[in-house]
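Step one of this worksheet: look at the structure below.
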Amino acid sequence: MKIVFLGTPDFAVPSLNALITAGYEVVAVVTQPDRPVGRKAVLTPSPVKVAALSHGVKVLQFEKISRDGVEELKKLNADIMVTCAFGQILSKEVIDVAPKGIINVHGSLLPKYRGASPVQYAVINGDKIAGVTIMQTDTGIDTGDILAVEKTDVGEKETAGELFERLSKLGAELLLKTLKKIEDGSVVPVKQDEKNATYVKMIKKEDAKIDFSRPAAVVFNLVRGMHPWPIAFTYLRGKLLKIFSCEISHEEYDGAFGEVVRADMKNGIVVKCGVGAIIINELLLEGGSKQNQREFLAGRKIFEGDILG
RNA sequence: CGCGGAGUAGAGCAGUCUGGUAGCUCGUCGGGCUCAUAACCCGGAGGUCGUGUGGUUCGAAUCCCACCUCCGCAA
């Protein structure tokens, strides 16, 4: 079976590798154009492009595939196309290029969390269960018929990045299973239940701002869900303070929301929340680099009574 | 030339504006105390203050110049 693979970030790499390893003929990989990255704005290829090139697979890059890529896609004569976190909306023309259409690997249990950042929101919302769905792509956003689902428990302290990695592997396995079913005709498409559909937007940096009037568990989930990007943040004396990791305190403290109620080597950096408190583990102050709480305290940059927010 | 911060003891920082004996928190080493601790007390070691064998000065971590490295923001 000839396959065209469309994907961009790390999440998609295991799926691409799985297809190639399993012996499918991946005739081309489509990925987002190289983007400037880092302080020096170096033009950087996407993780999927790097993986494709290492396998010697042809790489195509379009600014807008629906506008620029249809003719070239047709020439590839693929039987089916596979998308995984591709990052561009596909037109009907693109969907109709391959006879068996397009199937998509999505990082949530559809119809929950349709859209751009399903994995992060599973963590941010404190979900106990997450998963991947393989679905038929149609012209809506993650609205096509479901072909296969795989669930997994979310660890109590798991970060979005960690869950991402697990789901990407789970997705790759499920993709192979589903392709087999498509080949032998045993796959059964199931319509999505529109009443239970939810959408999640792309995460913006502003979404990662911590509200210390919320319960400690909510703050904790936000910190987990925003790791490794964009990283939950607040302010300390007007300076940006990023919090990479924290835990929920089991002690009760008196103080205002966001008040630093403890800041010493013994207790760590403890911040009062709406309900309970959190203990900060790794953090970064504007202009500085990431430090653990011991290093931060050694530098004497935070004291009891400071208010975050 | 996108904006900004930083390089001082093993770690994290202050000191630089207003040049004049090198400091803080921690770690480490030795001793003490305790049933006990990431507890406490006493004492010690450890630094060419990023590089220039640069400039100014009686004297530079501090002022001036050049360079290197690291980091945050923005994209």
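Here the structure is a predicted model, which means the values were calculated and not measured. Proteins come first, then strands; the chains are lettered A, B, ... in the order of their sequence lines, and each starts at number 1.
- The CD1-C1' distance, from A/I269 to B/rG12, rounds to 12 Å in whole Å.
- Of all nucleotides present, none satisfies the Watson-Crick or G-U wobble test against B/rU21 with each distance under 3.5 Å.
- Spacing between B/rG55 and B/rA61 at atom P, rounded to whole Å, works out to 15 Å.
- The distance from atom OH of A/Y235 to atom C1' of B/rG72 is 13 Å, rounded to the nearest whole Å.
- If A/K301 and A/K205 are placed on RNA chain B by their nearest nucleotide, the residue sitting closer to the 5' end is A/K301.
- Ring geometry for A/H227 against A/F244 counts as perpendicular: the plane angle is over 60°, on a 0 to 90° scale with 30° as the lower cut.
- A straight line from CE of A/M265 to P of B/rC13 spans 12 Å, rounded to a whole angstrom.
- In the model, A/S46 has a side-chain atom that pairs as donor or acceptor with a side-chain atom of A/T31 under 3.5 Å.
- Where A/E295 and A/R300 meet RNA chain B, the nucleotide closest to each residue was compared, and A/E295 sits on the side nearer the 5' end.
- The pairing partner recorded for B/rG27 is none, the criterion being a Watson-Crick or G-U wobble arrangement whose two distances lie under 3.5 angstrom.
- One can place CD of A/E286 at 12 Å from C1' of B/rA74, the figure rounded to the nearest angstrom.
- Not a single ring pair (Phe, Tyr, Trp, His ring centres under 6.0 Å) links A/F220 to another residue, sequence neighbours left out.
- Straight-line distance between the P atoms of B/rC1 and B/rC70: roughly 24 Å, to the nearest whole Å.
- Residue A/V260 forms a side-chain contact (heavy atoms from CB on, under 4.5 Å) with just one option from A/I302, A/L236, A/I280, and that option is A/I302.
- Side chains of A/Y121 and A/D127: a donor-acceptor N/O pair is absent below 3.5 angstrom, by distance only.
- Nucleotide B/rC71 holds its P atom 19 Å from the CZ atom of A/F296, rounded to whole Å.
- Computed from coordinates, the A/L297 CG to B/rA14 C1' distance equals 16 Å when rounded to whole Å.
- A/R35 comes within 4.0 angstrom of nothing in the nucleic acid, heavy atoms only.
- At least one side-chain nitrogen or oxygen of A/Q291 sits closer than 4.0 Å to the OP1 or OP2 atom of B/rC13.
- Between the NZ atom of A/K290 and the C1' atom of B/rG5 there is a distance of 19 Å, rounded to whole Å.
- Taking a pair to require two hydrogen-bonding distances under 3.5 Å in either a Watson-Crick or a G-U wobble arrangement, B/rA36 remains unpaired.
- Computed from coordinates, the A/I302 CD1 to B/rA14 C1' distance equals 18 Å when rounded to whole Å.
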